[in-house]
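Note sheet for the following structure.
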Amino acid sequence: MAETKTHTVTVAHRPLLLSWAGVTDQGRRRETNQDALLAEYPLFIVADGMGGHAGGEIASQSTVTRLRAVVDADEVSPSAIEKALALAVDDIAGHPDTTDEGTGTTLTGVYLDEREGEPHWVALNIGDSRVYLLRDDRLLQVTTDHSVVQELITAGKLSPEEAEGHPYSNVITRAVGASELTAPDYVTIDVRPGDRFVICSDGLTKELTDYGIQHFLRAHADPGESVDAMLAAALDNGGRDNVTVIVLQVSDPEDSSSPSDDSAE
């Protein structure tokens, strides 16, 4: 089982427990794993590389390495993240195995900002990897895909149902390394006990519906069990791409309640 890690934070003078686990897998059909993840408090990140046989792996790993340095320096903030991404772009461009102009990586995740006043989550996104939030038993997609298909949906030219089989479903409009647009979109979220985040590459969302993701969150109280169950389901459903998923949850140590089992498929 994926290892579950914990960290205690104080919100409104009350201790809350953060628990998380992450897993990445090559999938059933890919020759290499071009995904990478970082799950080290306070930053939880998934990167999905693209471009050439080795290029995507180099892009995602370079980005995660630069962001890990931000965590190690205890400097997690939008400005520090964007400086790290600029360095990652230089790393990608300067690597001998990244000559493909399309080499780059998506980037998505959340971090806990405790620097000013009350702690809050900051979700960030570049590309079509996603952050979901399960709150009050409702699954919400926090991030907005940077993709051709999403732009068509936003413009009212395509329905979400039509988007599933669209020939441009894999074409993204922003990436780290593929263009000069390296600044993520940010969303601020308050910290609440009971919240659960799913941070994932599209290798998960290609194989599981939002309803399926919600099912596995509700069925397993432990983040390690949740990510293992989602990975197994994604592989059973085809595993057409690399699959990476982090589950991060907030709980009240004094509340013994846990998610109820759900038999939905």
Side-chain angles (χ1 to χ4, degrees), residues 22-27 29-40 42-73 75-111 122-131 143-151 168-186 199-206 240-246:
V23 66
T24 185
D25 191 275
Q26 181 174 318
R29 302 186 186 181
R30 300 292 189 182
E31 295 182 1
T32 61
N33 189 354
Q34 298 191 7
D35 285 2
L37 65 84
L38 173 64
E40 297 179 11
L43 183 60
F44 306 88
I45 290 292
V46 166
D48 180 356
M50 59 194 174
H53 185 73
E57 184 176 358
I58 292 164
S60 62
Q61 291 289 349
S62 297
T63 300
V64 164
T65 296
R66 287 296 186 179
L67 290 172
R68 182 176 285 111
V70 172
V71 174
D72 292 343
E75 295 179 349
V76 181
S77 67
S79 60
I81 288 171
E82 289 165 28
K83 288 177 182 177
L85 296 183
L87 292 172
V89 169
D90 291 341
D91 294 341
I92 296 165
H95 197 284
D97 293 329
T98 57
T99 55
D100 186 340
E101 291 185 0
T103 298
T105 182
T106 69
L107 176 74
T108 198
V110 299
Y111 69 90
V122 178
L124 58 143
N125 187 59
I126 298 174
D128 63 352
S129 296
R130 293 177 178 175
V131 175
T143 54
T144 300
D145 295 351
H146 298 134
S147 67
V148 170
V149 164
Q150 183 58 52
E151 289 182 356
Y168 292 161
S169 60
N170 291 328
V171 179
I172 63 174
T173 55
R174 196 187 306 183
V176 179
S179 72
E180 296 180 0
L181 295 173
T182 56
D185 289 341
Y186 298 98
I199 306 160
C200 62
S201 64
D202 68 347
L204 182 75
T205 54
K206 285 176 181 175
R240 292 167 290 175
D241 201 351
N242 308 144
V243 182
T244 302
V245 57
I246 298 170

Residue among Leu107, Leu37, Thr63, Thr244 satisfying side-chain contact (heavy atoms from CB on, under 4.5 Å) with Ile45: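 Going through Leu107, Leu37, Thr63, Thr244 one by one, the side-chain contact (heavy atoms from CB on, under 4.5 Å) with Ile45 is satisfied by Leu107 alone.
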Quick check: closest heavy atoms across [X] and [Y], and the distance to 0.1 Å?
X	Y	answer
Ile172	Met50	CD1-CE, 3.4 Å
Val64	Ala36	CG2-CB, 3.7 Å
Pro184	Arg174	C-NH1, 4.2 Å
Asp145	Ser129	OD1-O, 4.4 Å
His146	Ile126	ND1-CA, 3.5 Å
Gly127	Thr106	CA-CG2, 4.1 Å

Pair Ile199-Thr108, side chain to side chain contact (heavy atoms under 4.5 Å, CB included): steps then yes or no: CA-CA 7 Å; Ile199 306 160; Thr108 198; 3.9 Å; yes
Exam field: side chain Thr143 to backbone Val131, donor-acceptor pair closer than 3.5 Å: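 Confirmed, Thr143 side chain pairs with Val131 backbone.
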Check: Ser60 side chain, Ala47 main-chain N or O, donor-acceptor pair, under 3.5 Å: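 The answer is no, because no donor-acceptor pair under 3.5 Å joins these two groups.
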Working for side chain to side chain contact (heavy atoms under 4.5 Å, CB included), residues Asp91 and His95: CA-CA 6 Å; Asp91 294 341; His95 197 284; over 6 Å; no
Between Thr144 and Asp185, a side-chain donor and acceptor under 3.5 Å: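 No - no donor-acceptor pair under 3.5 Å links their side chains.
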Donor-acceptor pair between Ser201 and Asp35 side chains, under 3.5 angstrom: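 Checked: Ser201/Asp35 side chains pair up, N/O donor to acceptor below 3.5 Å.
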When the side chains of residues 79-87 are checked against the rest of the protein, which donor-acceptor pairs come out under 3.5 Å, sequence neighbours left out?
residue: Ser79; atom: OG; partner: Ser77; partner atom: OG; Å: 3.2
residue: Glu82; atom: OE2; partner: Tyr186; partner atom: OH; Å: 2.7

Atom pair CD/CZ of Gln61 and Arg66 - distance to nearest 0.5 Å: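 Separation between the atoms: 14.0 Å.
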